[in-house]
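Bear in mind that the values here come from a model prediction, so they are computed numbers and not experimental data. Proteins come first, then strands; the chains are lettered A, B, ... in the order of their sequence lines, and each starts at number 1. The analysis underlying the following values was restricted to heavy atoms, covering all of them including side chains, and did not include hydrogens, waters or symmetry mates.
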There are 2 protein chains.
Amino acid sequence: MEEQFYTYQYPHPAITVDCIIFGFDGQSLKVMLIQRKSEPFAKMWALPGAFVDEAESLESCAERVLQKEGNISGVYLEQLFTFGLPSRDPRERVISVAYMGLVKTADFELIAGNDELQIEWRDISEIPDLAFDHSQILQTAIDRIRGKIRYQPIGFELMNAKFTIPQLQQLYEAILGKSLDRRNFRKKLLSMQILKQLSEKQQNVAHKAASYYEFDRERYEVLMKEGIYLELV
Amino acid sequence: MEEQFYTYQYPHPAITVDCIIFGFDGQSLKVMLIQRKSEPFAKMWALPGAFVDEAESLESCAERVLQKEGNISGVYLEQLFTFGLPSRDPRERVISVAYMGLVKTADFELIAGNDELQIEWRDISEIPDLAFDHSQILQTAIDRIRGKIRYQPIGFELMNAKFTIPQLQQLYEAILGKSLDRRNFRKKLLSMQILKQLSEKQQNVAHKAASYYEFDRERYEVLMKEGIYLELV
DNA sequence: TTTCAATGCGTAATTATGACACAAAGATTG
DNA sequence: CAATCTTTGTGTCATAATTACGCATTGAAA
């Protein structure tokens, strides 16, 4: 490989984007972790990430990571925080912009990349020590999504096209880490009229079939424009 | 000046911290703006900022900007967002981490620095076009502080030591840009028990003197630990 | 046709919110 | 020194939102 160098008059830190990709499998909340192949922190688990390319935006970089690790695109993705303590990477000064996303694990086909020994979905309740300051980054992400889900329809998008109310509740309970009253959850959700009921129902379930809904994005945008503050939980 | 160069194997963007310092003067909400001396965007107004030093954290950098522009320290300061579009600076790739803060304008003595023609508090309702993407950054900050103030005791800290409830309400109204009911504001605030009433009262006011309160930080921390969700407005 | 597990609807008690009346304090004014 | 004026501070009441449940319904499986 050809050696090339970039020279600046002042010191420039390196910039990475690290991704916290939460995955929902219908039951519990998981997060995508990779096992590092190389030093530093070889063999330790870490969040997937990449150095920011010269010409790409931060968000594009996060999308690139998603594409690389699971070949998917078009998911809810949001900037979480920028971590920049001078000592957070032993090699050189590296500032990391963290993005977080939420996907269905079933949509991913995890394939370990060149720098990775393994890649896995790990349950939120069983996270090992992570490389760099990634444990702290992950904790920040968990706090954020728990706060956010209370007043933003996170997860409605990820329930592609159609979902039942109990399925959505399962997601909420997985994220919040506590159970919610079935009847009140339904009542509140329906009262804000951001769901459209479909005629379709569940098939082949050993109990009363729940009916499918879809997210009424138009209606939601209207509410947002009016500055209406949803409290989903 | 001695010429020195820093060389890397991969391209490294430059990193700045830009600060949105909101100032409260007892009446309305203002923001600190500087007028640029040099190109690009010479003579245009912009947010104060600085390149991140090799050894300082992002937050330290924000504190350094505060120190430089107004010789103050120890204020509410929070990371807002990181702006990283490749084209946002015409010179080279510059990624900007924005921090926002809230201070009392009276605590500042604004002195234009070497690269600045002027430095001023500008009312939130009278903001000119700003250099770079700073208009967008400022708008993001306004949105954020308006959202945040609803459920976090922002401004309690800045009311140094003691303040009256009507003074606090004035701040809330300035930030939210609308008036609130005096009686309900008081009732709600007192009901959450994060204020300690002092024996002291206002002096030399041409009407009934309001009594001073202070923020009960201990009690607030307890509430946060319990996961209690305050809704201040 | 009975059982079982989960969906879906309703209701009552409690709590929170919003609108507003009125008393109290304290400087100012005639 | 009493009347006035402005702002603080307390209370009330109707309405809305939240919470905690009871119970009927559905549809596959036993």
> Atom CD of Q202(B) and atom C1' of dA27(C): how far apart are they, to the nearest Å?
Replying inline: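 Rounding to the nearest Å, CD of Q202(B) and C1' of dA27(C) are 13 Å apart.
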
> To the nearest angstrom, how far is L180(A) atom CG from dC21(D) atom P?
Replying inline: 15 Å

>> Measuring centre to centre across the rings, with the benzene-like ring taken for any Trp, is Y213(B) within less than 6.0 Å of F163(B)?
In response: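 No - the distance between ring centres of Y213(B) and F163(B) does not fall below the 6.0 Å cut-off.
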
> Roughly, in whole Å, what's the span from CD in Q169(B) to C1' in dG18(C)?
Replying inline: 14 Å

> Does E231(A) or A206(B) map to a spot on DNA chain D nearer the 5' end, using the closest nucleotide for each?
Replying inline: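 With E231(A) and A206(B) compared, the 5'-side residue is A206(B).
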
> Under 4.0 Å: is that the gap between some side-chain N or O of K188(B) and OP1 or OP2 of dA16(C)?
Replying inline: no

> Closer to the 5' end of DNA chain C via nearest nucleotide, is it A209(A) or N184(B)?
Replying inline: A209(A)

> With distance as the sole test, does E116(A) use its side chain to make a donor-acceptor pair with the main-chain N or O of G113(A) at under 3.5 Å?
Replying inline: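 Flag set: sc E116(A) to bb G113(A) pair under 3.5 Å.
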
>> Distance check needed: dT10(D) P versus L189(B) CG, whole Å only.
In response: 13 Å

> Quick one: does N204(A) reach the base of dA28(D) with a side-chain donor-acceptor pair under 3.5 Å?
Replying inline: no

> Can you find a donor-acceptor pair, distance only, under 3.5 Å between R183(B) side chain and dG9(D) base?
Replying inline: no

> How close or far is atom C1' of dA20(D) from atom CZ of R186(A), stated in whole angstroms?
Replying inline: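 Roughly 17 Å, once rounded to whole Å.
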
> Do K30(B) and E120(B) meet the salt-bridge criterion of a basic N to acidic O distance under 4.0 Å?
Replying inline: no

> Under 6.0 Å between the ring centres of F24(B) and F22(B)?
Replying inline: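 F24(B) vs F22(B): aromatic centres not under 6.0 Å.
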
> Does NZ or CZ of R36(B) lie under 6.0 Å from the centre of the six-membered ring of W45(B), at an angle within 45° of the ring axis?
Replying inline: no

> Is there a donor on the side chain of K208(B) or the base of dT7(D) sitting less than 3.5 Å from an acceptor on the other?
Replying inline: no

> Hey, which of these two, D181(A) or H207(A), hits DNA chain C nearer its 5' end, going by closest nucleotide?
Replying inline: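 Closer to the 5' end of DNA chain C: H207(A).
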
> What integer distance in Å separates L190(B):CG from dA16(C):C1'?
Replying inline: 16 Å

> Just checking S211(A): base, sugar-phosphate only, or nothing, at a heavy-atom cut-off of under 4.0 Å?
Replying inline: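 Sugar-phosphate only.
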
> Is any side-chain N or O of K187(A) under 3.5 Å from a base N or O of dG8(C), one able to act as donor and the other as acceptor?
Replying inline: no

>> How many whole angstroms separate atom NZ of K201(A) from atom P of dT7(C)?
In response: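 Atom NZ in K201(A) sits about 12 Å away from atom P in dT7(C).
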
>> Between P on dT7(C) and CG on L168(A), what's the gap in Å once rounded to a whole number?
In response: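 Value for this atom pair: 13 Å.
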
